[in-house]
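One structure below.
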Amino acid sequence: MALFEILAYLAIGVGVMIAIGSVTFIGPSQLSVLRENWRFRLREVSPYLGLLAGILAINKVARQVGPEISWVVGLNITSYIYRIEGDFVAFVQSIATDQLTVYFSFIYLYGYVFLLVFPFILTFALRETKYLKQTAVAFALNYSLGLIFYILFVSYGPRNLIPDLVDPLMYSMYPQSQLLTGEVNSNTNVFPSLHTSLSVTVAYLAWFTRDRFPYWFVTSCFLAASVVMATMYLGIHWGTDVVAGTILGLGSVHIARKHYEIFEFLRVDLWSLPVFNRLR
């Protein structure tokens, strides 16, 4: 299966999940209101979404050259992590079954992407734009700080260091999935776990809108916990990566909620640019 086919399946699957989530968690009436004033809300949050888009663009480029830089300036901490937690991931995999591997593989790929995309749609439907701004800033912090860690520290995952004890369960059952994950990461970028940090970020942010979206709060917590477990069950991350990712996620949300308005200086009248004229 080619990478294009995998991306197509991923887009269709996540698209269905977003459609179901929009109707279930946001509701038809609120979506109807959103259709009437989406231009105003988009104008309000455009600097923050622009900031995140810029960080993602830098991140994509830096991850291509980052591993080479990391081998020059970074510290290989793989052996230190193994001394700390030993065979903990192998212990997690002692519960492995085919059914659990199917579930956690689905969560690692489809559930994670849904968890990252849907909060932007959910908070875009709110009258107050601060929640979407905070989400964008928290994500930008996750990716920025994560990239710094990836350059400063070289770390192989448990499936690479102790292959006789830890199986690459997802890659063994779905070898084609490695085409997708190989596009966004390398074997030496596992500390901290961004799957964990961003999932924790979403669940933590959902706490602050739980009065309006209580079912989303419960669902996001369940999905985030599943993603965190999947990173270790599938043999991709160490428990240490998960702990560091949790700290990164919680810290990013804390900073974003306290200081997100500092990014107001980025507010520019994007709508004066020709490319946005059609949206006026």
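Cluster annotation: L152 and V61 are assigned to distinct hydrophobic clusters (Ile/Leu/Val/Met/Phe/Trp/Tyr, side-chain heavy-atom contacts under 4.5 Å, transitive). A chain of hydrophobic side-chain contacts below 4.5 Å, direct or via other Ile, Leu, Val, Met, Phe, Trp or Tyr residues, connects V166 to Y80. The hydrophobic cluster containing L51 does not contain I58, counting ILVMFWY residues as joined when their side-chain heavy atoms lie under 4.5 angstrom apart, directly or transitively. There is a path of hydrophobic side-chain contacts, each under 4.5 Å, that joins F120 to L10. In this structure, L31 is a member of the same hydrophobic cluster as F213, with clusters built from ILVMFWY side-chain heavy atoms closer than 4.5 Å.
For the atom pair I84 CD1 and T240 OG1, the distance stands at 5.0 Å (nearest 0.5 Å). Here the CZ atom belonging to F88 is positioned 12.0 Å from the CH2 atom belonging to W238, to the nearest 0.5 angstrom. Between the NZ atom of K130 and the CG atom of L132 there is a distance of 13.0 Å, given to the nearest 0.5 Å. From Q30, atom CD reaches atom CG of L122 across 8.0 Å, with rounding to the nearest 0.5 Å. Distance OG1/T219 to CZ/F217: 10.5 Å, rounded to 0.5 Å. For the atom pair L52 CG and L141 CG, the distance stands at 10.0 Å (nearest 0.5 Å).
Among the candidates Y112, W216, F124, the single residue satisfying the ring-ring contact (aromatic ring centres under 6.0 Å, His included) test with F118 is W216.
In plain terms, the two heavy atoms of A244 and P192 that are nearest each other are CB-CB, 3.6 Å. The shortest heavy-atom contact between I77 and S155 is CG1-CB, 3.9 Å. The minimum heavy-atom distance linking V202 with P119 is given by the pair CG1-CG, 3.6 Å. Taking every heavy atom of both residues into account, M170 and S177 meet most closely at CG-OG, 3.8 Å. Across all their heavy atoms, L234 and Q93 have their closest contact at C-NE2, 3.6 Å. Nearest heavy-atom pair, P168 versus R159, reported as atom, atom and distance to 0.1 Å: CB-CD, 4.0 Å.
Looking at R41, its side chain does come within 3.5 Å of a backbone N or O of A125 through a donor-acceptor pair. Checking side-chain atoms of S197 against main-chain N and O of L194 turns up a donor-acceptor pair under 3.5 Å. Under a 3.5 Å cut-off, the side chain of Q176 and the backbone N or O of I6 do not form any donor-acceptor pair. Listed for the T97 side chain is a donor-acceptor partner under 3.5 Å among the backbone atoms of L100. Side-chain N or O atoms of S70 include one that pairs as donor or acceptor with a backbone N or O of Y150 at under 3.5 Å. Side-chain N or O atoms of T123 include none that pairs as donor or acceptor with a backbone N or O of Y131 at under 3.5 Å. S22 places a side-chain N or O within 3.5 Å of a backbone atom of I18 that can act as its donor or acceptor partner. Judged purely by atom type and a 3.5 angstrom limit, S46 uses its side chain to pair as donor or acceptor with the backbone of R43. Checked by atom type and distance alone, the side chain of E85 pairs as donor or acceptor with a backbone atom of G239 at under 3.5 Å.
Atom OH of Y143 sits in a crowded spot, with more than 12 heavy atoms from other residues, nucleotides or ligands closer than 6.0 Å. The environment of R210 atom CZ is dense: over 12 non-hydrogen atoms of other residues, nucleotides or ligands sit within 6.0 angstrom.
Using a 30° and 60° split on the angle between ring planes, Y204 and F208 fall in the tilted class, from 30° to 60°.
T101 and Y233 are linked by a side-chain donor-acceptor pair at a separation below 3.5 angstrom, with hydrogens and angles left out of the test.
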Please lay out, stage by stage, how Y171 and T181 fare under the test side-chain hydrogen bond (donor to acceptor under 3.5 Å, both in side chains).
CA-CA 10 Å; Y171 299 138; T181 57; 3.0 Å; yes
